[in-house]
Amino acid sequence: MSDSNTTDFINSSTFILLGIPGLEAVHIWISIPFCAMYAIALFGNFTILFIVKREPSLHKPMFYFLCMLAVTDLLISTSTMPKMLSIFWFNSREISFSACLTQMYFVHSFSAMESGSLVAMAFDRYVAVCHPLRHSTILTNSVVVKIGLAVVLRSGILTLPYPFLASRWPYCSTNIIPHFYCRHVAVVNLACADISISSYYGLFNLFFVIGMDGFFITMSYTQILRAIFRLPTKDARLKTFGTCISHLCAILALYTPDFLSSLSQRFGHNVPLHLRILFASVYLVVPPMLHPIIYGVRTKHIRGRLLQFLTQKET
């Protein structure tokens, strides 16, 4: 068969997802914690959305941005976890080329939206701490909507080249993806062509999104810390800083595994493949699981409304 025919066949048929290569024998056991984390992520984020919708006192910019983060967490985990579990449970490894590119687009797009949501929340914290008397006039509903649209459009546009470039490469050697989802790097590495453009754009997108978002978050917290240190008493400083703890924990929960996973995929050639795959799985399921827990435990408004709702249900 000629190379062109092979390319046409693979591009128009299916890819095979291996799950976690090297750990096939324990896939069923690995599925247990991942299924549990996915269930917690679904329950926790839907609970956040339900409480904010039901409680008028929570209809504020901070909780609108929290809902945006919750929706993004639901989407990013649901983009990968059902397929991952079907591989583990039913050995359902096939995925069509178009479905693979679609999954690639949504996973990377939702990942950027997740980061953008944390930037929006950092801006809310900056306004709340540095300009408390003007918070409601600065962050009006229309401004919140514009910020949300900017986050969505930025993520969607920056991610478009991923599937576009991936669809242009010839795949004439193998259609086996050593991963549990169609990650951009894992897919384009199968191409029998020079994929420098895809690799360079992937690095650019990684450092542009994390770099820009990290810059805005750092600038916000620089101003927040300056405002906190100007407060007259230690109790006032601790109380004000305490309003930012949940957001800082959410930042660490997202950026740490995301950055380590991206670097291990590109530069960790000496790291065993199954460990790199597990790194990738951590950033897809752990932040969506932790975010509602962090905000449910740390935010008294949400914690109080949840306990009140549960108490009413019992009575």
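Quick caveat, the model's predicted, so the values are computed rather than measured.
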**Asked** What about Phe208 and Ile217, same hydrophobic cluster or not, with Ile/Leu/Val/Met/Phe/Trp/Tyr joined at side-chain heavy-atom distances under 4.5 Å?
**Response** yes
Pairwise side-chain contact, [X] with [Y], heavy-atom cut-off 4.5 Å (strictly under):
X	Y	result
Leu139	Lys60	no
Leu203	Phe207	yes
Pro21	Ile277	yes
Leu49	Asn45	no
Ile87	Ser92	no
Phe65	Ser117	no

**Message:** Tell me whether Leu252 at atom CG has more than 12 heavy atoms from other residues, nucleotides or ligands lying less than 6.0 Å away.
**Reply:** yes
Closest heavy-atom contact between [X] and [Y]?
X	Y	answer
Leu42	Leu74	CD2-CD2, 3.7 Å
Pro288	Pro292	O-CD, 3.0 Å
Met113	Val151	O-CG1, 3.7 Å
Ile224	Cys244	CG2-SG, 4.1 Å
Cys100	Ile177	SG-CD1, 3.9 Å

Distance in Å, [X] [atom1] paired with [Y] [atom2], rounded so as to fall on 0.5 Å steps:
X	Y	atom1	atom2	answer
Tyr64	Met68	OH	CE	13.0 Å
Leu165	Ser198	CG	OG	4.5 Å
Met104	Arg183	CE	CZ	11.0 Å

**Message:** Determine whether Tyr171 and Phe15 satisfy the following criterion, ring-ring contact (aromatic ring centres under 6.0 Å, His included), listing intermediate values before the conclusion.
**Reply:** CA-CA 10 Å; Tyr171 299 90; Phe15 280 136; 5.7 Å; yes
**Message:** So if I apply the side-chain contact (heavy atoms from CB on, under 4.5 Å) rule between His108 and each of Thr159, Leu158, Leu206, which one comes out positive?
**Reply:** Thr159
**Request:** Please answer whether the main-chain N or O of Phe106 pairs with a side-chain N or O of Ser109 as donor and acceptor at a distance below 3.5 Å.
**Result:** no
**Prompt:** Is there a donor-acceptor pair closer than 3.5 Å between any side-chain N or O of His59 and the backbone N or O of Val52?
**Reply:** yes
**Request:** Check the pair Thr256, Tyr283 against side-chain hydrogen bond (donor to acceptor under 3.5 Å, both in side chains), reporting the backbone distance first and the verdict last.
**Result:** CA-CA 8 Å; Thr256 303; Tyr283 100 88; over 6 Å; no
**Asked** Taking the six-membered ring for Trp, is the centroid-to-centroid distance between His247 and Tyr295 below 6.0 Å?
**Response** no
**Request:** Kindly state whether the ring of Tyr201 and the ring of Tyr162 have centres lying under 6.0 angstrom apart.
**Result:** yes
